[in-house]
Number of protein chains: 2
Amino acid sequence: MSDAYYLRLTDRLRELLSDPHACEEGRLPAERTLAERFRTTRVTLRQALAQLEGEGRIHRSNRRGWFVSPARLDYDPTRDAGFNDYVRAQGRRPRTEVLLTDTRPYPTAAEALGLPADQPFCHIRRRRFVDDRAVLAESLWVVPERAPGLLEGDYASHSLWGQLRSRWGLSLTHRSLRLYSEALPEREAAELGVAAGTAGLSVRRTIFDERRRPVEYDEEHWLHDALCITVELDGKA
Amino acid sequence: MSDAYYLRLTDRLRELLSDPHACEEGRLPAERTLAERFRTTRVTLRQALAQLEGEGRIHRSNRRGWFVSPARLDYDPTRDAGFNDYVRAQGRRPRTEVLLTDTRPYPTAAEALGLPADQPFCHIRRRRFVDDRAVLAESLWVVPERAPGLLEGDYASHSLWGQLRSRWGLSLTHRSLRLYSEALPEREAAELGVAAGTAGLSVRRTIFDERRRPVEYDEEHWLHDALCITVELDGKA
DNA sequence: CTGCTGATCTGGTATAGACCAGGAGTCTGA
DNA sequence: TCAGACTCCTGGTCTATACCAGATCAGCAG
């Protein structure tokens with residue numbers, strides 16, 4: 001079916017993307033301009049753009065235009081290197097905004113960790129950037145007994161997991177991960193400045209210490225084109 | 001922006017999906033029917049359907065219609081349980097078709113395993129089904145020296161990894177995984193009977209034995225709505 | 001019973017045009 | 001100088017319609 005015009009369009013657009021002169025500052029020409037140049041309608045052109053968006057080559061910024069997507073971030077959710085560390089390690093510039101903190105019961109987190117529904121949690125919600133692009137909206141819930149005084153400390157500038165280790169002597173031994181592609185929920189989409197329903201990747205983690213006591217639960221929502229999950233396993237069989 | 005008509009449409013369609021009478025055999029009414037029922041055009045209706053498709057609730061079968069998507073398959077790519085085993089463990093019916101086998105050099109696999117480009121491999125390409133829906137197209141390349149006679153054996157009906165262990169005494173100790181969302185490439189899309197560019201999930205693995213000798217490289221392409229990756233880590237810090 | 005034909009379903013692609021609403025400057029008047 | 005209004009540019013949404021192409025199945029001929 002490679003004879004559909006919009007598919008040939010994606011090929012020509014891909015060429016255009018690799019031409020540094022064509023899109024200044026990583027921004028594509030306006031849809032109307034492109035539609036005219038390729039002698040088609042905006043509808044068809046947008047079909048081609050959506051295709052490239054699905055491939056992770058371009059993304060849109062609400063009513064500002066289409067932009068070339070940067071390389072994906074390599075990310076190993078099984079390691080506890082801090083976000084800042086591995087973003088910088090890849091030559092990118094990290095930034096984090098804390099959106100909300102509180103301490104109260106969160107039944108969802110409680111259920112994930114196998115605790116009673118009225119179990120309170122230290123909750124942190126934040127938004128994280130790579131090179132000034134918001135790519136991740138996350139919420140994490142820490143069992144207060146494991147890390148007393150967490151929210152009073154400087155949880156923003158240093159790796160949270162590093163602090164759990166060093167300040168409270170926790171060893172985050174047992175982890176379970178769930179990961180699937182999704183359409184970003186309304187709230188997360190808004191926080192990332194994209195349309196609801198934009199393709200995303202959901203990562204959920206539950207963490208227990210060496211005595212199998214529940215420590216933390218967290219939910220991450222990534223832009224689908226922003227990351228490449230990598231996992232290294234050296235253990236036994 | 002919840003006032004866009006197509007977004008309200010998705011809500012009404014979601015209700016419709018949960019109504020067992022509305023869609024017989026998990027099949028939705030025709031687009032033209034739905035468009036008329038909701039007093040809009042096919043274009044707008046299709047926008048809503050695409051949204052639900054992104055959420056993984058429905059999927060299309062080429063020119064046959066839209067269907068309710070089954071629950072995602074839980075899949076742990078770090079374990080070496082066979083496909084058949086964990087599909088059955090979840091009460092589903094697995095099936096595998098071998099599309100191609102050969103032995104010759106494959107530079108891509110060689111590079112992934114750090115071998116010279118002219119290194120030959122035992123190559124198996126297959127398509128895998130869950131309840132008769134093709135959800136996975138995969139290729140795997142095994143270093144022939146590690147498993148002599150592999151392609152002559154019964155590699156189809158039993159877990160390949162199980163055989164590598166039992167027949168050749170290999171321990172698949174060191175593994176590295178890469179995983180990201182993608183638009184399905186033309187070939188894989190065709191094998192899965194979906195349109196090129198359909199949302200997918202790419203999983204690549206490289207496997208070394210306990211002496212760090214390269215054993216296997218494989219590439220999986222999943223339908224994005226077909227699986228939920230889970231990983232359990234009990235090991236060290 | 002078998003195999004072909006063709007009508008009629010389905011979604012897939014495309015046109016042409018319209019108006020809406022947010023983003024980002026510019027212009028203006030205090 | 002600076003805040004606020006205005007304007008223009010962008011993508012976002014939607015209508016109405018047309019035709020194409022694969023899937024399916026009834027019906028017919030052998």
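Residue numbering restarts at 1 for every chain, and letters A, B, ... go by the order of the sequence lines. From a predicted model like this one, the values you see are computed outputs, not experimental measurements.
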Using whole Å, report how far [atom1] of [X] lies from [atom2] of [N].
| X | N | atom1 | atom2 | result |
| --- | --- | --- | --- | --- |
| A:Tyr6 | D:dA21 | OH | C1' | 14 Å |
| B:Arg8 | D:dT13 | CZ | P | 13 Å |
| B:Gln51 | D:dT13 | CD | P | 9 Å |
| A:Phe38 | C:dT15 | CZ | P | 14 Å |
| B:Tyr5 | D:dT15 | OH | P | 8 Å |
| B:Leu49 | C:dT10 | CG | P | 14 Å |
| B:Leu9 | D:dT15 | CG | C1' | 14 Å |
| A:Leu45 | D:dT10 | CG | P | 13 Å |

Between [options], which nucleotide has the shortest distance from any of its atoms to the side chain of [X]?
| X | options | result |
| --- | --- | --- |
| A:Thr41 | D:dC14, C:dT10, C:dA16 | C:dA16 |
| A:Ala30 | D:dT13, C:dT15, D:dG11 | D:dG11 |
| B:Arg63 | D:dA21, D:dC14, C:dG22 | D:dA21 |
| B:Val43 | D:dA16, C:dC20, C:dG11 | D:dA16 |
| A:Trp66 | C:dT15, D:dG12, C:dG12 | D:dG12 |

Any donor-acceptor pair, under 3.5 Å, between the side chain of A:Arg32 and the base of D:dG11, if you only look at N and O atoms?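 When only heavy-atom distances are counted, A:Arg32 does reach the base of D:dG11 through a donor-acceptor pair under 3.5 Å.
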
Can you measure from CG (B:Asp11) to CG (B:Leu52) and round to the nearest 0.5 angstrom?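 Reported value, rounded in 0.5 Å steps: 9.0 Å.
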
Using heavy atoms to find the nearest nucleotide of DNA chain C for B:Ser61 and A:Arg64 separately, return the residue whose nucleotide is more 5′.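 Nearest-nucleotide comparison on DNA chain C picks B:Ser61.
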
Short side-chain N/O contact to [N] OP1/OP2 from [X], under 4.0 Å:
| X | N | result |
| --- | --- | --- |
| B:Thr40 | D:dT15 | yes |
| B:Thr44 | D:dT13 | no |
| A:Arg60 | D:dG12 | yes |

Hey, what's the ring geometry for B:Trp222 with B:Phe83, parallel, tilted or perpendicular (30° and 60° as the breaks)?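 Correct class here is tilted.
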
With heavy atoms under 4.0 Å as the rule, sort B:Arg42 into base, sugar-phosphate or nothing.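 The residue B:Arg42 makes base contact.
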
Evaluate salt bridge (charged side-chain N to carboxylate O under 4.0 Å, His left out) for A:Arg72 paired with A:Asp225, printing each intermediate quantity in order. CA-CA 7 Å; A:Arg72 292 172 189 260; A:Asp225 65 347; over 6 Å; no

So that I can tick it off, tell me whether B:Arg204 and B:Glu220 are bridged by a salt bridge, with the cut-off set at under 4.0 angstrom between side-chain N and carboxylate O.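 Answer for the salt bridge query: no.
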
Donor-acceptor under 3.5 Å (B:Arg126 side chain, B:Ala137 main chain):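 A pair under 3.5 Å: no.
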
